[in-house]
Colleague: 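Encoded as structure tokens, here's the structure I'll be asking about.
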Number of protein chains: 2
Amino acid sequence: MGSNVREDIMTAARRAAQAHGYTGLNFRELAAEVGIKSASIHYHFPTKVDLGAAVAKRYWEDSQAVLDGIWNGGPGASQALRAYPDTFRRSLENGNRICLCSFMSAEHDDLPDPVRQEISRFAEINVAWLTRVLSAATDMETGACERRARAIFAAVAGAQLMARSQADVGVFDTLIEGYRDAGLLPA
Amino acid sequence: MGSNVREDIMTAARRAAQAHGYTGLNFRELAAEVGIKSASIHYHFPTKVDLGAAVAKRYWEDSQAVLDGIWNGGPGASQALRAYPDTFRRSLENGNRICLCSFMSAEHDDLPDPVRQEISRFAEINVAWLTRVLSAATDMETGACERRARAIFAAVAGAQLMARSQADVGVFDTLIEGYRDAGLLPA
DNA sequence: ACCTGAACACCGTTCAAGT
DNA sequence: ACCTGAACACCGTTCAAGT
């Protein structure tokens with residue numbers, strides 16, 4: 001297993017990036033949080049690109065695990081679908097943060113390619129999981145399921161963004177309810 | 001009327017902020033675009049906060065005018081509702097940019113208060129306009145209209161964000177169609 | 001193996017001073 | 001009124017040196 005420091009850097013970097021983005025991420029603050037000097041970070045991650053890509057990779061890996069924990073085939077697909085927005089809700093609860101993928105999507109033009117690639121995996125994983133759940137929970141065709149999956153993913157990300165802008169998780173809850181009323185998410 | 005330089009700065013700043021955010025907005029590049037030195041910008045806008053707030057204010061003012069141009073009472077509410085996503089589509093067409101409000105919502109923690117306030121006006125204006133259009137175009141109750149208006153606004157913003165992350169306007173169109181299929185937007 | 005002080009080149013921001 | 005030079009603060013990065 002890796003050293004604690006390396007893990008601590010990644011954890012702090014993920015939290016910082018979910019609040020300030022890739023551009024807003026800076027080695028000196030990060031180092032202070034971890035309890036080392038900024039120069040020491042470069043021992044674990046040669047460049048900011050390396051750190052960003054590692055954090056983004058870990059982010060989708062963790063997301064994959066969480067989603068598989070909610071549902072990975074079998075019964076309970078409807079409940080899983082209902083629980084999905086909570087995975088986004090948790091970031092808001094945790095210091096009004098947002099999804100790394102959302103923030104970095106906004107930062108698209110300023111993102112190094114390796115980071116971009118890991119970030120796109122997060123979206124793919126969420127859409128793939130939603131597609132599978134929708135296939136199991138509804139009688140929609142596969143193509144319709146994927147289309148709906150993308151719509152749900154984008155809409156939930158948008159709701160999270162709006163909630164952050166008002167620093168109010170209640171906004172998120174109301175928006176998700178709105179999606180259910182409208183039929184985007186099953187009631 | 002104000003000087004050309006002041007207007008030029010605001011135009012360039014708005015475009016830059018829609019691509020790089022408030023944090024990514026920088027005086028030196030801005031100045032080069034306008035044809036003055038970076039220090040000269042401070043004559044027109046004492047601080048970055050002043051520039052940001054002025055740009056954000058102008059942004060919702062322009063948005064208000066555009067929306068009122070699409071529909072401001074009278075018939076054609078359904079067509080207006082159908083045309084709404086195009087106001088977001090245009091930013092993507094224009095160099096894969098996104099809504100200033102979306103980018104700055106992500107940047108919430110790093111945003112000075114005056115900028116935050118102007119940005120929140122943009123959301124209010126969009127929601128208010130959508131609420132009025134929905135009231136005219138559907139038979140939903142006023143409360144339901146506002147709730148749906150917020151849902152539409154958040155979802156369209158999310159769709160724009162996802163389209164930018166893939167640098168593909170087609171993604172936006174597909175997502176909007178997905179919203180229509182699901183019933184979030186009227187077909 | 002892991003960390004640091006000091007320095008480097010760079011860049012956005014500010015302000016006193018120019019015309 | 002309008003603009004600028006130059007200093008300032010801060011950034012990612014490097015590297016020789018420390019443990």
Side-chain angles (χ1 to χ4, degrees), chain A residues 1-56 100 103-104 106-107 109-116 118-119, chain B residues 1-56 100 103-104 106-107 109-116:
Chain A
M1 62 162 61
S3 73
N4 277 342
V5 172
R6 194 189 147 89
E7 287 301 311
D8 289 353
I9 293 169
M10 286 188 67
T11 302
R14 202 203 66 230
R15 285 174 55 86
Q18 284 184 254
H20 309 289
Y22 179 78
T23 307
L25 187 68
N26 82 79
F27 278 38
R28 280 176 172 87
E29 269 184 44
L30 211 55
E33 234 175 294
V34 174
I36 54 175
K37 298 294 168 184
S38 76
S40 307
I41 294 178
H42 293 274
Y43 171 75
H44 301 278
F45 303 95
T47 68
K48 188 178 182 180
V49 180
D50 295 307
L51 174 59
V55 165
L100 195 67
F103 211 136
M104 291 195 171
E107 291 178 301
D109 282 10
D110 301 316
L111 231 49
D113 223 63
V115 181
R116 248 189 231 173
E118 299 297 344
I119 281 300
Chain B
M1 63 163 58
S3 73
N4 277 342
V5 172
R6 194 188 148 89
E7 287 301 310
D8 289 353
I9 293 169
M10 285 188 66
T11 303
R14 202 203 67 230
R15 285 175 55 84
Q18 284 184 254
H20 309 289
Y22 179 78
T23 308
L25 187 68
N26 80 78
F27 278 37
R28 211 159 259 178
E29 271 184 42
L30 212 55
E33 236 174 294
V34 175
I36 54 176
K37 297 294 168 186
S38 76
S40 308
I41 294 177
H42 293 274
Y43 171 74
H44 301 279
F45 303 95
T47 68
K48 189 178 181 180
V49 180
D50 295 307
L51 174 58
V55 166
L100 196 66
F103 211 135
M104 291 194 172
E107 292 178 301
D109 282 10
D110 300 316
L111 229 51
D113 224 62
V115 182
R116 248 189 231 173

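Bear in mind the structure is a predicted one, so any value in this text is a computation, not a measurement.
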Colleague: Can you measure Asn4(A) atom CG to dC2(C) atom C1' for me and round it to whole angstrom units?
Modeller: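 In whole Å, dC2(C) C1' lies 13 Å from Asn4(A) CG.
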
Colleague: Apply side-chain contact (heavy atoms from CB on, under 4.5 Å) to Leu51(B) and Phe27(B), showing your working.
Modeller: CA-CA 10 Å; Leu51(B) 174 58; Phe27(B) 278 37; 4.1 Å; yes

Colleague: State the CG-CZ distance between Asp113(A) and Arg116(A), to the nearest 0.5 angstrom.
Modeller: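 Reported value, rounded in 0.5 Å steps: 5.5 Å.
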
Colleague: To the closest 0.5 Å, what do you measure between CZ (Arg28(A)) and NZ (Lys37(A))?
Modeller: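 Going from CZ on Arg28(A) over to NZ on Lys37(A), the span is 10.5 Å.
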
Colleague: Using only side-chain N and O atoms of Ser40(B), determine if any of them is under 4.0 Å from OP1 or OP2 of dT4(D).
Modeller: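 Yes, such a contact exists.
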
Colleague: Think Lys48(A) forms a cation-pi with Tyr22(A), using NZ or CZ under 6.0 Å from the six-ring centre and within 45 degrees of its axis?
Modeller: yes

Colleague: Hunt down the Watson-Crick or G-U wobble partner of dA9(C), both distances under 3.5 Å, from any strand shown, or write none.
Modeller: none

Colleague: Does a nitrogen or oxygen in the side chain of Lys37(A) sit under 4.0 Å from OP1 or OP2 of dC3(C)?
Modeller: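 For dC3(C), OP1/OP2 do not have a side-chain N/O of Lys37(A) under 4.0 Å.
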
Colleague: Rounded to the nearest Å, what distance is computed from the CG atom of residue Asp110(A) to the P atom of nucleotide dC11(D)?
Modeller: 17 Å

Colleague: Can you tell me how far C1' of dA1(C) sits from CZ of Arg6(A), to the nearest Å?
Modeller: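 Result: 14 Å.
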
Colleague: Which nucleotide in the list dT4(C), dA1(C), dC3(D) gets nearest to the side chain of Tyr43(A)?
Modeller: dA1(C)

Colleague: Side chains of Thr11(A) and Asp8(A) only: does a donor on one sit below 3.5 Å from an acceptor on the other?
Modeller: no

Colleague: Just by protein heavy atoms under 4.0 Å, how would nucleotides 14-19 of chain D read 5' to 3' in B, S and -?
Modeller: B-----

Colleague: Is dA17(D) paired to anything, Watson-Crick or G-U wobble with both distances less than 3.5 Å, and if yes, which nucleotide?
Modeller: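 For dA17(D), the partner nucleotide comes out as none, under the 3.5 Å rule.
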
Colleague: Considering only heavy atoms, which members of residues 16-34 of chain B lie under 4.0 Å from some atom of DNA chain D?
Modeller: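 DNA chain D contact set from residues 16-34 of chain B: none.
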
Colleague: Using a 4.5 Å cut-off on heavy atoms from C-beta on, say whether the side chain of Thr47(B) contacts that of His42(B).
Modeller: no

Colleague: Please give, in whole Å, the distance from dT13(C) C1' to Phe45(B) CZ?
Modeller: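 Distance, rounded to whole Å: 16 Å.
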
Colleague: Using the rule given for side-chain contact (heavy atoms from CB on, under 4.5 Å), can you reason through Thr23(B) versus Glu107(B), listing the C-alpha separation, both sets of side-chain angles and the distance that settles it, and then say yes or no?
Modeller: CA-CA 8 Å; Thr23(B) 308; Glu107(B) 292 178 301; 3.0 Å; yes

Colleague: Rounding to an integer number of Å, can you tell me how far Ile9(A) CD1 sits from dG12(D) P?
Modeller: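 Atom-to-atom, Ile9(A) to dG12(D), this comes out as 13 Å.
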
Colleague: Among Val55(A), Leu100(A), Leu25(A), whose side-chain contact (heavy atoms from CB on, under 4.5 Å) with Gln18(A) holds?
Modeller: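 Result: among Val55(A), Leu100(A), Leu25(A), Leu100(A) is the only option passing the side-chain contact (heavy atoms from CB on, under 4.5 Å) with Gln18(A).
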
Colleague: Would you say His44(A) reaches dA1(C)'s phosphate, i.e. side-chain N/O to OP1/OP2 under 4.0 Å?
Modeller: no

Colleague: Any strand counts, and the cut-off is 3.5 Å on both contacts for Watson-Crick or G-U wobble. Which nucleotide pairs with dC3(C)?
Modeller: none

Colleague: For ring pair (Phe, Tyr, Trp, His ring centres under 6.0 Å), just list the numbers for Phe103(B) and His20(B), CA-CA rounded to whole Å, side-chain angles, deciding distance to a tenth of an Å, and then say yes or no.
Modeller: CA-CA 8 Å; Phe103(B) 211 135; His20(B) 309 289; 8.0 Å; no

Colleague: Atom CD1 of Ile36(B) and atom P of dT4(D): how far apart are they, to the nearest Å?
Modeller: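 For the pair Ile36(B) CD1 and dT4(D) P, the rounded distance is 7 Å.
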
Colleague: Between dC2(C) and dA17(D), how far is it from one P atom to the other, in whole Å?
Modeller: 22 Å

